[in-house]
Amino acid sequence: MKSKPYFCLLCLVMLLAASAGSAWANTAANTQIINQAQLSYNDGSGTKTATAGVTVTVSLVPSPVTVEVGSAQSTSYNGAGTTLTDSYTLTATANGPDTYTLGSAVTGSTNTSAPTATATGATATLGATVT
């Protein structure tokens, strides 16, 4: 069993040598990142202090919206004037609130004559804050 200590040592070396994966952080839009530096020095006549700083504001990084269709229609169409309602779930991964414009497109099929669809609430604001 002389190989067991070598095997354990090999596993330990491999574990230590393994590179860490990427760690992505999400910073909210309009967040201010402030960096400051202070330097103290002696110029022969006394101690002097100099400070400098920079502020960076994070921009909104938009993302495409993902549409998830709701359950199938349970009411059948009975002719002109019949209203059918469909539901959808919209999600986005932007780093802040963003407004999306919604639209509808209906094409004719068998037994239809000029079908139409109207999107209620033509825009949707999606997003959240990051803490």
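FYI, the numbering just counts along the sequence from 1. What you see below is based on every heavy atom in this structure, not just the backbone, and it leaves out hydrogens, waters and symmetry mates.
Follow the hydrophobic side-chain contacts under 4.5 Å out from Ile33 and you never reach Leu60; the two are in separate clusters.
Residues passing the side-chain contact (heavy atoms from CB on, under 4.5 Å) test with Val61 are Asn95, sequence neighbours excluded. Checked against side-chain contact (heavy atoms from CB on, under 4.5 Å), Thr101 has the following partners two or more places apart in sequence or in another chain: Thr123. Judged as a side-chain contact (heavy atoms from CB on, under 4.5 Å), and not counting sequence neighbours, Ser59 has no contacts. The side chain to side chain donor-acceptor pair (under 3.5 Å) check on Asp43 picks up Ser45, with sequence neighbours excluded.
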Contacts under 3.5 angstrom, residues 48-56 side chains, donor-acceptor by atom type, not counting sequence neighbours:
none

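Counting heavy atoms from C-beta on, the side chains of Leu126 and Asp98 never come closer than 4.5 Å.
Pro62 approaches Ala94 most closely through the heavy-atom pair CA-CB, 4.1 Å. Across all non-hydrogen atoms, the minimal contact from Ser40 to Thr47 is CB-CG2, 4.4 Å.
Through ILVMFWY side-chain contacts below 4.5 Å, Ile34 is grouped with nothing and stands alone.
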